[in-house]
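Following: one structure in structure tokens, then a few remarks.
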Number of protein chains: 2
Amino acid sequence: MPATMKDIARLTGLSLATISKYLNGGHVLPANQRAIEQAINQLGYTVNSVARSLKTRRSMTIGVLIPHLENVFSTSIISELEDKLHQVGYSTIICDYHHDPEMEAEKLDFLAHRQIDGLVMMPLSGCRDALVKLRERQIPVVLIDRPVEGLDCDAVLVKNRKASFQAVSRLAEAGHERIAIICGPQGVYTADERLYGYMDALKHYQIKLDEDLVQYGNYDTKSGYVLTARLLDRQKPPTAVFVTNHEMTYGSVLAVNERDLLMPKQLSLIGFDHKLLNQVLRPPLAVVTQPLKQIGQTVAELLVHRLTGINRQEPAIIKYLDAVWHDGGSYGPLS
Amino acid sequence: MPATMKDIARLTGLSLATISKYLNGGHVLPANQRAIEQAINQLGYTVNSVARSLKTRRSMTIGVLIPHLENVFSTSIISELEDKLHQVGYSTIICDYHHDPEMEAEKLDFLAHRQIDGLVMMPLSGCRDALVKLRERQIPVVLIDRPVEGLDCDAVLVKNRKASFQAVSRLAEAGHERIAIICGPQGVYTADERLYGYMDALKHYQIKLDEDLVQYGNYDTKSGYVLTARLLDRQKPPTAVFVTNHEMTYGSVLAVNERDLLMPKQLSLIGFDHKLLNQVLRPPLAVVTQPLKQIGQTVAELLVHRLTGINRQEPAIIKYLDAVWHDGGSYGPLS
DNA sequence: CTTACAGAGCGAAACGTTTCGCTCTGGTTA
DNA sequence: TAACCAGAGCGAAACGTTTCGCTCTGTAAG
């Protein structure tokens, strides 16, 4: 059995209170310090963090609930976040809900039962009630990517509308008037914002909106592939396509490759978040990416601020971060 | 403050023992069941898992220590593992050590202090002593990818030697005699195995080993790029290259693309693990991949077996899984 | 010399749940 | 009717740490 503080007490003749005081930075006489340290080394004692958590009412654990762990968007953020949390002594419980609303609710419930000190979440759908309950318990919540209506908590969001506007502007400036967009699902905050940015750009460049060029996918590879194929196989295909997330960008490239279409001569394509395709394809795919490391850092800062602050009742903070443009040769003038 | 079992006891007039018995599946009279359930609903009671962990000496938490969260190899496995653990009530603490041996040791120590019930780890280097201590505490450990010398614990490994043999055999069968390999660091189990498989194939096809065609990288994108460039820029470059991990494969493709070399006419290239390049590039890059989902499942099975088994002293189990071949047009006959 | 105060250590209780062993009750069997 | 047994509930203690309030001691100041 692992040594407990009682074993240290027996070996040193000191009280539990003194040993605890020493371990937690209190002042203890030098001779007692040495005796405690020697006993710790001798017995290989480590604090039982569970017992500590029970008494202090802090588990030193943060729950992180994400829609898909294999998504680069998720992993870059979590990697950054886990480091930052570790630096201040927190452990990170990971839960992947695989884009499934029921699993989202199930794993949120699971985390809520775990005495987490805080929650980081990329929400998908209607978990507002469960989140409100967490907030009632003064558990800090930081949302990533999309806010939850009616929930007063911190969030780190990307300026998706602006990013989309800028990407589509590139296509418009290259002379394209038949610019298609492959959106995410209607009603999803990020998808809506990216669509609005597209519309903003069309309006700005006085290009008439053609509803047939607006396709709604599920933010997965397959819908990127299928919708791109559908657009390209039309009698009157678009001359340019803007794809609005990482997975659909990949699917789109698959469909383009399958038809051996040359970019930018035969089709202009701009993707989202898929930085690898910006670097591997010839010509490089132009992509607009979310600043993943910065998101992770910002989330960590917000959360740590809440966890370590005296007054946890400050108003919610919403941070908007700019996307990053990675130019490439996948779009150009009409030919 | 969240309701405790004492609040339920007050409301129902029942003892803590009865309530606990009910919550943990024991038999309680129907009238008492109803009273307890009603009180739980009324007060929004949830079990304090920290208190439960202290008493039961089980945290229901598994530590997962990996070298790089942004690596697809890691995320696929963890995604699978997290699901399986969740299904049996365990939470998954993630720790990313960024290929840094000191951080590996630090985060292993961090996890060891966390009363984890088990550990899953992709080891990098000399953490044997810390792992031995965990094993002494009867904490199940499952290693992924590489064993640790002198450590008696479960492991899930891929037949890297065989995978390498098979990939290089393809190049040999296509007639190549100047086949280069970009290995990982010497002394790293997987790197050594993949090199041995290369050597086995050369021997099998009676191709003389040319040490200049054996390059040692650091299993990162940069070394894949640099070493491929070095090989290709020689006066007498290899006609074929086998790159032995995901990141170096990507780096290699970057170097090939930069020189506008055509595959397979000017160079035959086979990669490792980078399934995306198998699907996106034209022609598709031939790759041999590790069966990530299967690894995750196997790890979870081993661990759950240890966690739920009566006799935790069974001999260590080492599972070897076959790699998967994804054919592509990136290699072919000499031209 | 006496008083006051600060430093140091300690005992006891608490955190919220689980579990063991005891007691009681009701039903069944002889 | 009496004895036995199983089911049900309960009280108390335990898990390992933290923290509060009390006591003691030594030093400095009046």
Side-chain angles (χ1 to χ4, degrees), chain A residues 1-40 43-61 89 91 112-117 137-139, chain B residues 1-40 43-61 89 91 112-117 137-139:
Chain A
M1 293 307 301
T4 70
M5 207 184 281
K6 284 177 189 169
D7 300 314
I8 305 291
R10 273 193 288 269
L11 209 52
T12 57
L14 297 168
S15 72
L16 296 178
T18 303
I19 295 157
S20 182
K21 190 175 173 188
Y22 170 70
L23 290 175
N24 292 292
H27 192 262
V28 173
L29 291 176
N32 289 335
Q33 290 181 24
R34 285 192 294 272
I36 292 169
E37 278 300 331
Q38 194 192 5
I40 285 169
L43 297 178
Y45 167 77
T46 58
V47 172
N48 183 317
S49 66
V50 168
R52 178 180 272 175
S53 296
L54 179 60
K55 179 60 188 172
T56 60
R57 298 172 187 260
R58 288 191 185 283
S59 66
M60 299 301 287
T61 301
S91 61
H113 278 73
R114 286 246 105 194
Q115 271 74 35
I116 48 171
D117 293 338
R137 284 162 49 188
Q138 322 300 335
I139 307 288
Chain B
M1 295 305 304
T4 71
M5 207 184 283
K6 284 177 188 170
D7 300 315
I8 305 292
R10 273 193 288 268
L11 209 51
T12 58
L14 297 168
S15 72
L16 295 178
T18 303
I19 295 158
S20 182
K21 190 175 174 188
Y22 170 69
L23 290 175
N24 291 293
H27 193 263
V28 172
L29 291 176
N32 289 336
Q33 288 181 25
R34 285 191 294 272
I36 293 168
E37 278 300 332
Q38 193 191 8
I40 285 169
L43 298 177
Y45 168 77
T46 58
V47 172
N48 184 317
S49 66
V50 169
R52 177 180 274 176
S53 295
L54 179 59
K55 178 60 189 173
T56 61
R57 298 173 188 258
R58 287 191 185 283
S59 66
M60 299 301 288
T61 301
S91 62
H113 278 72
R114 284 246 109 194
Q115 272 74 34
I116 50 172
D117 293 339
R137 285 163 47 188
Q138 322 299 336
I139 307 288

Give Tyr45(B) one of three labels, base, sugar-phosphate or nothing, depending on what nucleic acid heavy atoms sit under 4.0 Å from its own. sugar-phosphate
Check every strand shown and say whether Val50(B) touches a base, only sugar-phosphate, or nothing at a heavy-atom separation below 4.0 Å. nothing
Let me test you: for the helix from dC1(C)-dG30(D) to dA30(C)-dT1(D), what is the angle between the axes at its two ends (five pairs each), rounded to 10 degrees?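 About 40° separates the two local helix axes.
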Can you measure [X] atom [atom1] to [N] atom [atom2] for me and round it to whole angstrom units?
X: Lys6(B); N: dC15(C); atom1: NZ; atom2: C1'; value: 8 Å
X: Leu54(A); N: dT19(D); atom1: CG; atom2: P; value: 12 Å
X: Leu16(A); N: dC20(D); atom1: CG; atom2: P; value: 16 Å

Name the closest nucleotide to the Val47(B) side chain, picking from dA8(D), dT17(C), dT19(D).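 The nucleotide sitting nearest to the side chain is dT17(C).
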Does a side-chain N or O of [X] approach OP1 or OP2 of [N] to a distance below 4.0 Å, or not?
X: Thr4(A); N: dG16(D); answer: no
X: Thr18(A); N: dC10(C); answer: yes
X: His27(B); N: dA8(D); answer: yes
X: Asn24(A); N: dT18(D); answer: yes

On DNA chain C, compare the nucleotides closest to Lys21(B) and Ala51(B); which residue's is nearer the 5' end? Ala51(B)
Does either side chain, that of Ser91(B) or that of Arg114(A), offer a donor lying less than 3.5 Å from an acceptor on the other one?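 Distance-only check passes for Ser91(B) and Arg114(A).
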Testing the basics here: between Arg10(B) and Asp7(B), what is the closest heavy-atom pair and its distance to 0.1 Å? NH2-OD1, 2.5 Å
DNA chain D: 5'-proximal contact among Ala3(A) and Ser15(B) (nearest heavy atom): Ser15(B)
